[in-house]
Amino acid sequence: MDGNGRWANRRGLPRHLGHREGIKSVREVVEGALDAGIQVLTLFAFSTENWDRPPQEVTALMGLLKLYALKERIELRRQGVEVHVLGDLDRIEPATRRAVDTIVDGTRGGTAMRLNLMISYSGRAEVLRAARLLAERVREGDLDPDEIDDAVFSEALFTDGQPDPDLLIRTSGEHRISNFMLWQLAYTELHISPVLWPDFDREDLFAAVDDYQKRDRRFGRVPSA
Ligand code: FPP
């Protein structure tokens with residue numbers, strides 16, 4: 001969800017107002033994804049690296065996360081959206097953590113769509129965590145190193161049990177992965193949108209899905225006849 005800061009700068013506003021505006025795009029995209037029949041929507045809301053931003057911006061982002069969780073819980077539940085929050089949640093201060101737990105508990109069992117909010121998350125940290133978990137199992141004699149294959153490794157990630165993403169949308173025109181889902185994106189199609197996140201709406205989402213539908217996915221194999 002990139003471009004909030006630039007959206008605010010261009011209007012002479014403080015950066016946190018760009019993030020606040022970005023919440024509207026989250027609602028737009030959730031609604032659009034539900035209408036498009038998307039089963040799993042994953043939003044990169046706060047990276048491990050974002051902890052190094054100025055304290056007032058971190059505080060504003062945590063405040064928005066809390067607000068989002070408290071404000072959206074009922075509507076998401078009504079829409080059948082099951083929210084999961086993935087990342088190093090121990091770093092989140094208690095009041096925000098409680099709000100996060102409330103939205104996760106309050107939407108459990110929703111079957112229309114799964115919404116993953118990646119908070120205090122980075123792809124490398126996730127891979128390192130998985131490596132440690134597996135190493136621990138090896139040390140305890142519960143796992144033979146030769147048994148570690150794609151499936152076993154995937155099970156040790158936060159996204160255990162979920163399919164790899166079909167499509168990654170990067171907003172604001174940046175051509176970078178920025179430490180996001182490094183393992184899971186192996187064969188994901190990339191769509192770079194020039195639109196800043198606060199301006200990103202359901203039409204932009206549908207344009208990305210249209211673009212995706214024209215792709216020929218080969219997963220490293222030759223084209224099908
Ligand atoms: C990146 O834009 C965006 C973020 C670091 C935060 C995204 C968070 C929200 C939209 C609000 C919280 C979301 C939820 C789901 C509760 P940037 O600040 O790096 O923008 P820039 O590259 O233009 O500076």
Side-chain angles (χ1 to χ4, degrees), residues 1-34 38 40-77 79 81-89 91-93 95-107 110 113-123 125 158 168-181 192-202 204-205:
M1 298 192 282
D2 202 13
N4 297 346
R6 272 163 287 169
W7 184 94
N9 281 342
R10 283 177 196 175
R11 288 162 179 77
L13 300 170
R15 291 176 58 84
H16 71 90
L17 292 185
H19 297 311
R20 198 176 76 182
E21 195 68 17
I23 298 258
K24 293 185 192 158
S25 301
V26 173
R27 170 102 319 259
E28 276 269 325
V29 166
V30 166
E31 303 257 346
L34 280 165
I38 288 168
V40 183
L41 174 69
T42 299
L43 298 175
F44 197 4
F46 191 89
S47 73
T48 308
E49 291 76 19
N50 288 157
W51 287 115
D52 296 328
R53 289 193 174 195
Q56 59 275 31
E57 184 168 344
V58 172
T59 306
L61 279 165
M62 288 299 133
L64 282 176
L65 175 60
K66 194 162 63 183
L67 192 75
Y68 176 82
L70 297 173
K71 239 183 71 186
E72 289 283 308
R73 181 174 53 92
I74 307 283
E75 183 63 2
L76 290 170
R77 183 187 172 84
Q79 292 177 309
V81 176
E82 182 174 83
V83 178
H84 292 253
V85 180
L86 311 184
D88 181 7
L89 304 185
R91 293 184 72 176
I92 297 177
E93 50 89 24
T96 308
R97 182 65 197 269
R98 277 196 297 278
V100 163
D101 290 344
T102 307
I103 197 170
V104 169
D105 293 342
T107 59
M113 183 171 79
R114 174 178 173 134
L115 173 62
N116 291 322
L117 299 178
M118 311 305 262
I119 313 272
S120 189
Y121 170 87
S122 88
F158 288 124
L168 170 77
I169 302 171
R170 172 98 199 212
T171 56
S172 86
E174 303 291 356
H175 289 63
R176 283 193 298 274
I177 299 294
S178 293
N179 212 350
F180 190 57
M181 297 183 92
I192 311 292
S193 167
V195 178
L196 303 179
W197 177 254
D199 293 326
F200 195 87
D201 62 17
R202 73 162 54 211
D204 296 308
L205 175 72

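Both ligands and their constituent atoms are indexed starting at 1 by order of listing.
No donor-acceptor pair closer than 3.5 Å links the side chain of D101 to the backbone N or O of R98. No side-chain donor-acceptor contact under 3.5 Å links E82 to the backbone of R114.
W7 carries R11 over the face of its six-membered ring, with the cationic atom under 6.0 Å from the centre and within 45° of the normal.
In this structure, E174 falls outside the shell of residues with a heavy atom less than 4.0 angstrom from ligand 1. For the ligand labelled ligand 1, residue L43 lies outside the 4.0 Å heavy-atom shell. Look at R53 and you'll find a heavy atom under 4.0 Å from some atom of ligand 1.
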- Message: I'd like to know whether W51 forms a side-chain hydrogen bond (donor to acceptor under 3.5 Å, both in side chains) with S120, so could you lay out the CA-CA distance, the side-chain angles of the two residues, the decisive distance to 0.1 Å, and finally the verdict.
- Response: CA-CA 8 Å; W51 287 115; S120 189; 2.8 Å; yes
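A salt bridge links E31 with R27: at least one charged nitrogen is closer than 4.0 Å to a carboxylate oxygen.
Contact annotation: for L196 versus ligand 1, there are no heavy atoms closer than 4.0 Å. Heavy atoms of L61 found under 4.0 angstrom from ligand 1 belong exclusively to the side chain.
Residues P14 and Q56 have side chains not in contact (no heavy-atom distance under 4.5 Å, counting atoms from C-beta outward). Using a 4.5 Å heavy-atom threshold, the side chains of F180 and T42 count as touching. At least one side-chain heavy atom of I119 sits less than 4.5 Å from a side-chain heavy atom of L65. Annotation: side chain of M181 is in contact with side chain of Y121 (closest heavy-atom distance under 4.5 Å). Taking the side chain as every heavy atom from C-beta outward, M1 and V29 never approach each other to under 4.5 Å.
Ranking the protein heavy atoms by distance from atom 5 (C) of ligand 1 puts N50 OD1, 3.4 Å first. Among protein heavy atoms, the minimum distance from atom 3 (C) of ligand 1 is reached at M1 O, 3.1 Å. Looking only at heavy atoms of the protein, atom 15 (C) of ligand 1 is closest to L117 CD2, 3.8 Å. For atom 12 (C) of ligand 1, the nearest non-hydrogen atom of the protein is I23 CD1, 4.1 Å.
Taking distance alone, with nitrogen or oxygen atoms compared against 3.5 Å, D2 approaches ligand 1 more closely than that limit. Considering both main-chain and side-chain atoms, R6 comes within under 3.5 Å of ligand 1 through a nitrogen or oxygen pair.
Close contacts of ligand 1 with G5, meaning ligand atoms under 4.0 Å from a residue heavy atom, involve 17 (P), 18 (O), 20 (O), 21 (P), 23 (O), 24 (O). Residue-ligand proximity, Y68 to ligand 1, at heavy-atom distances under 4.0 Å covers atoms 16 (C). Within ligand 1, counting atoms from 1 as listed, the ones closer than 4.0 Å to a heavy atom of R15 are 17 (P), 18 (O), 24 (O).
Looking at H19, R10, E72 and measuring to atom 11 (C) of ligand 1, the nearest heavy atom belongs to H19. When the heavy-atom distances from atom 10 (C) of ligand 1 to I103, N4, V85, T171 are ranked, the shortest goes to N4. For atom 8 (C) of ligand 1, the nearest non-hydrogen atom from the set G22, A8, A45 comes from A45.
Taking both residues in full, the closest heavy atoms of L41 and A33 are given as CD2-CB, 4.2 Å, listed atom of the first, atom of the second, then distance.
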